[in-house]
Amino acid sequence: MAEHRYDPKEIEPRWQAVWADERTWHVSNEEARGGDSSYVLVMLPYPSGEPHIGHLKVYSVGDAVAHYHRRTGRRVMQPMGYDAFGLPAENHAIKTGQHPRASTEAAIRSFQRQFREWGISIDWDREFGTHEPGYYRWTQWIFLKLFHAGLAYRKDAAVNWCPNDMTVLANEQVVDGRCERCGWEVEVRQLEQWFFRITDYAERLLHDLGTIDWPEYVKTMQRNWIGRSEGAEVTFHCDELGVDYEVFTTRPDTLFGATFFVMSPEHPDVVRLAEGTEHHDAVRAYVNHAASESAEERGDADRPKTGVPLGRTVVNPVNGERLPMYVADYVLMEYGTGAIMAVPGHDERDFAFAQEYGLEVRRVIEGGDELPYTGDGPLTNSAAEFDGLHNREALERIVEWLDREGRGHATINYRLRDWLLSRQRYWGCPIPVVYCEKDGPVPVPEDQLPVVLPDVEDYAPKGRSPLAAAEDWVNTTCPRCGGAAKRETDTMDTFVDSSWYFLRYCDPANDTAPWSREAVDTWMPVDQYIGGVEHAILHLLYARFFCKALSDLGHLDVQEPFAALFTQGMITRDGAKMSKNKGNVVPPQEIVDRYGADTARCYILFIAPPEKDADWNDNGVEGVHRFLSRLWKLCADAAVELPDEPVPLDLDGDDDRIVRKAHWAIDKVSSNLGMGHFTFNVAIAAIMELTNELTEARRGEASPGAVRFALTTAASLLFPFAPHASSDAFERLTGRRVWDVPWPEADADLLEGDTFELVVQVNGKLRDRVPAPSDASREDLLSLARGLPNVQAHVDGKQVVKEIVVPGKLVNVVVR
RNA sequence: GCGGGCGUGGUGGAACUGGUAGACACGUCGGCCUUAGGAGCCGGUGGCGCAAGCCGUGGGGGUUCGAGUCCCUCCGCCCGCACCA
């Protein structure tokens, strides 16, 4: 007997060399245009240190999908790149003085090496890093396109500032009042910054969620983030200052219940309003106090309501009543207009405030035992023409009335804010703008791109970008007038870099345009996008926005970049997130060194359905390694021991069993990989079952042809999960490259046996199982069932009420 | 508070439209082989019971010949959002 030993250390590098030498996974745009193509994309990694176990998981998932698509007849692009700008490398530079480019590129080399060692089928001809001038030149180009379209603009606004990272943040990067990256409490600062006008796209970003195949919870998160609400804008006039104030309300039906009016402490008019009243000092003190509080303190809905009167009034447009004005921090400047009409009878927050300050609470909707009542019902205490109307009906009438009178109109409000893209940091894409004393902000002309990021001595942020110190670079001339000018020293949010990288993969070497239309038309949209949940809002929303904006500007023809999305769960250790602090990190390199990449990949896919979090278990790895070892050895032994015969025409005994099992496995694995299914754990279990069947058959009477067929099938089905072992076993058995061979197809005739196991129940309880012919009639099955001793024992002496037959499945005899 | 998801052996998890609950694997127990093994192979393993059998998918109720799956209700856990007017 041949003594083959499964040795991944020998097998894996050998196949990796083949794939590298032959550029097996390269696919040209020309090839893709010729046939059915598929773009399988895993979110590009941020290269820092070494890849971790999460990378191994996400690329194992992506690779399984890519391989399955290829072998079912599609031309697959699976590219790779690096989200190379970013704070960790810069912080490392501050600590060590090492240029962020050096540490980043070292990390990239480590990622590259490990991706090759894992055998991921990447088209390396399309690789890039977002920090390369050849890439960010086009990031700047996109900025200019958006600028010229009015979609990139500069404004002075209250912005989120992270005191630890020393930079402003986008709204999306503030979680619970803290910096999404470092966890520090965010402060509010008034600064002039660059924004992308993503709010112009709020409606489309919301609506088009209906057109894409994404997990429902991700869509829900995006919907919540966009936060559409329908209502009305209503004008309240302040006589004292002769100014109109608009408020947004979703409940114009409660207008007659408004008893006061509240403005946010950040509202620019607050202090001016109080001027000359006895409340002026108190208002200033309140505003200053609010500014000193963190977003987290401010955001607490449970704390008691506070506020100060402004000493002014506004007029309620529906009834002419004068409402006292207040400033209170429960009104947010960033939502609506920064001012509200307060209806304490029908709003819990307004009610709490009214209680605190002894203000009138008026019921204008019937219903509920006590106030505040937030439900529906008929109007009361309103105007004669509205009283008695159901409030939903009254709502529309009141808005119509406001509209006619010019005091308001129906409108839609969104929670979404414009995307603040400026960052006061060094290691990012320079914003291609110069400031001229005469012409103001002037965009750098396209033919002068890229604006290259200069080297600096000191990376430490000092409240302004470290780039400001690069004086030779900062001082330039105005492209418009030729006079002295200074460059923008902020860099772009790194989410800008990653909002279009999937387009660049389509045409990565293009040096006259970011992409050709033909190239993106060939590949876009991404057929299957795969990545972590943490990007449910940030990256996935920004990328969608970019696609829509670039399409509107005529550079693209896709509204949605990612037709289907899959989000994978985390790998934990002892139930906790792996982290260096906890000392529970499993480095993929260690597992790959010990068991080989195939074992590592299979284990991670076998452990649980990939969308779930799963706990790492060292023993589980051993089990998967045993399986691969057994299957590979069966194949390697059979290749030399068993003559290469065809499968016998008449199947019986062991031959019948293993050939049918092979077809069963084909069916099982295919249905767990196809049509957006990601149940790799079940697919791998099916290959294990086939392997177990074959281990047993080795002791039996199976013919060489049948065994070879079943083993070849097992090796072939294994390919998406363990490409090295699969390629090796398959080649030994057939002399062919498994990836050149189409995915096996199950023979429907062999999926259905001549006989099946009839389940026999009495009163729904299992009483026996007997083999029955597949083509047996209902009557045959019934009489077969009735004849069983165990059935008779439960039927005797009782009356048969009903008999249920499910052909091919079961018989249920109902007795009383 | 609002929205979404989940609850199955000692463990991770299977179970297509309601039709054999627990596939596959880990662990564990027993055996073989070994000087030895944390290697390999073979077999058992939801609970109770000598057995026939009974009980079992978070608790309770319902629909059905038949419920892990459908409906109602309660409990527990996870995730997202939250002073959003």
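So that the names make sense, note that chain A is the first sequence line, chain B the second, and so on, each numbered from 1. Bear in mind the structure is a predicted one, so any value in this text is a computation, not a measurement.
Closest contact between the side chain of A:Y335 and the listed nucleotides B:A25, B:C83, B:A85 involves B:A85. The side chain of A:T695 sits closest to B:C42 out of B:C83, B:C42, B:C24. Closest contact between the side chain of A:P609 and the listed nucleotides B:C83, B:G13, B:G19 involves B:G13.
Looking at heavy-atom distances under 4.0 Å, A:E348 makes no contact with the nucleic acid at all. Contacts of A:V331 with the nucleic acid, taken as non-hydrogen atoms under 4.0 Å apart, include base atoms. Counting non-hydrogen atoms under 4.0 angstrom, A:R223 reaches nothing in the nucleic acid. Using a 4.0 Å heavy-atom criterion, one finds that A:G623 contacts the sugar-phosphate atoms exclusively. Nucleic acid contact class of A:T679 (heavy atoms, under 4.0 Å, all strands): none. Here A:S264 lies out of heavy-atom contact (under 4.0 Å) with every strand. Contact annotation for A:R816: no contact, since no heavy-atom pair falls under 4.0 Å across all strands.
Nucleotide B:C83: unpaired (no Watson-Crick or G-U wobble partner with both distances less than 3.5 Å). The base-pairing partner of B:C77, taking Watson-Crick or G-U wobble contacts with both distances under 3.5 Å, is B:G5. With both pairing distances under 3.5 Å, B:C32 is matched to B:G40 as a Watson-Crick or G-U wobble pair. A 3.5 Å limit on both hydrogen-bonding distances identifies no Watson-Crick or G-U partner for B:A14. In this structure, B:G56 forms no base pair with any nucleotide, since neither Watson-Crick nor G-U wobble geometry is met with both distances under 3.5 Å. With a cut-off of 3.5 Å on both Watson-Crick or G-U wobble distances, the partner of B:G27 is given as B:U45.
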Please determine whether side chain to side chain contact (heavy atoms under 4.5 Å, CB included) holds for the pair A:V811 and A:L782, giving the CA-CA distance in whole Å, both sets of side-chain angles, and the decisive distance to 0.1 Å. CA-CA 7 Å; A:V811 170; A:L782 258 181; 3.9 Å; yes

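The neighbour count for A:E348 CD, taken as heavy atoms of other residues, nucleotides or ligands under 6.0 Å away, does not exceed 12. For CZ of A:R816, the number of neighbouring non-hydrogen atoms (other residues, nucleotides, ligands) closer than 6.0 Å is 12 at most. With a 6.0 Å radius and a threshold of 12 heavy atoms from other residues, nucleotides or ligands, A:E203 has its CD atom above the threshold.
Of the side-chain N and O atoms in A:R630, one or more sit less than 4.0 angstrom from OP1 or OP2 of B:C41. For the pair A:S229 and B:A85, the criterion of a side-chain N or O lying under 4.0 Å from OP1 or OP2 is met. For A:N681, a side-chain nitrogen or oxygen approaches OP1 or OP2 of B:A14 to under 4.0 Å. An OP1 or OP2 oxygen of B:A14 is reached within less than 4.0 angstrom by no side-chain nitrogen or oxygen of A:N672. Between A:R5 and B:G40 there is no side-chain N or O to OP1 or OP2 distance below 4.0 Å. A sub-4.0 Å separation between OP1 or OP2 of B:G80 and a side-chain N or O of A:N224 is absent. Close to B:A82, at under 4.0 Å from its OP1 or OP2, lies a side-chain N or O of A:R415. Proximity of A:K802 to the phosphate of B:C65: a side-chain N or O atom is located under 4.0 Å from OP1 or OP2. Dashed line: the shortest gap from a side-chain N or O of A:Y217 to OP1 or OP2 of B:G80 is not under 4.0 Å.
At a cut-off of 3.5 angstrom, counting only N and O atoms as typed in the model, there is a donor on one side and an acceptor on the other between the side-chain of A:Q761 and the base of B:G19. Between the base of B:C65 and the side chain of A:N812 there is a donor-acceptor pair shorter than 3.5 Å.
The nearest whole Å value for the distance from the CG atom in A:L810 to the P atom in B:G18 is 14 Å. Atom C1' of nucleotide B:G40 and atom NE2 of A:H625 are separated by 13 Å, given to the nearest angstrom. Protein atom CD of A:E180 is 11 Å distant from nucleotide atom P of B:C81, rounded to whole Å. Summarising the geometry, the separation between CD1 on A:I804 and P on B:C65 is reported as 7 Å, rounded to the nearest angstrom. If you take CZ of A:F627 and P of B:A23, they are 17 Å apart, rounded to a whole angstrom. A:I537 places its CD1 atom 13 Å from the C1' atom of B:G4, with the value rounded to the nearest Å. The distance between atom CD of A:E696 and atom C1' of B:C41, rounded to the nearest whole Å, is 13 Å. Regarding A:E293, its CD atom lies at a distance of 13 Å from the C1' atom of B:C83, rounded to whole Å.
Test A:V815, A:L784, A:V760 against A:V791 for side chain to side chain contact (heavy atoms under 4.5 Å, CB included) and you get one pass: A:V760. Checking A:L310, A:V308, A:L359 one by one against A:Y326, the side chain to side chain contact (heavy atoms under 4.5 Å, CB included) holds for a single residue, A:L359.
B:U63 and B:G12 have their P atoms separated by 34 Å, given to the nearest Å. Taking atom C1' on both nucleotides, B:G61 is separated from B:G10 by 31 Å, rounded to a whole Å. Rounded to the nearest Å, the gap between the P atom of B:G44 and that of B:C54 is 24 Å. When the C1' atom is used for both B:G22 and B:G9, the distance is 7 Å, rounded to whole Å. With both ends at atom C1', the span from B:C55 to B:C70 equals 24 Å, rounded to whole Å. When the C1' atom is compared between B:C71 and B:G18, the two are found 13 Å apart, to the nearest whole Å. Between the C1' atoms of B:G56 and B:U8, the separation comes to 10 Å (whole Å). On the P atoms, B:G76 is 26 Å away from B:A14, given to the nearest whole Å.
Between A:V343 and A:R251 there is no side-chain heavy-atom pair separated by less than 4.5 Å. Taking 4.5 Å as the limit, some side-chain heavy atom of A:E293 sits within range of a side-chain heavy atom of A:D329. In this structure, A:D618 and A:E622 have side chains that are not in contact, with every pair of non-hydrogen atoms separated by 4.5 Å or more.
Ring-plane geometry between A:W632 and A:H4 is classed as perpendicular, the angle between the planes exceeding 60 degrees on a 0 to 90 degree scale with a lower cut at 30. Note on ring orientation: taking the six-membered ring where Trp is involved, the planes of A:H625 and A:Y6 are tilted (angle from 30° to 60°). Under the 30°/60° scheme for interplanar angles, the aromatic rings of A:Y245 and A:F261 are found to be tilted.
Nucleotide B:G80 is shown with an anti base, its glycosidic torsion being more than 90° from 0.
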Which atom pairs link the protein and nucleotides 52-54 of chain B when you take only N or O atoms and keep those under 3.5 Å?
{"residue": "B:C54", "atom": "OP1", "partner": "A:R767", "partner atom": "NH2", "Å": "3.3"}
{"residue": "B:C54", "atom": "OP2", "partner": "A:R767", "partner atom": "NH1", "Å": "3.3"}

Can you give me the N/O atom pairs linking the protein to nucleotides 7-12 of chain B at distances under 3.5 Å, or say none if there are none?
{"residue": "B:G12", "atom": "O2'", "partner": "A:I607", "partner atom": "O", "Å": "2.6"}

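Side-chain contact annotation: A:N413 with A:S229, donor-acceptor N/O pair under 3.5 Å absent.
By the 4.0 Å N-to-carboxylate-O rule, A:E803 lies close enough to A:R786 to be salt-bridged with it.
Comparing A:V533 and A:Y330 by the nucleotide of RNA chain B whose heavy atom lies nearest to each, the residue mapping closer to the 5' end is A:V533.
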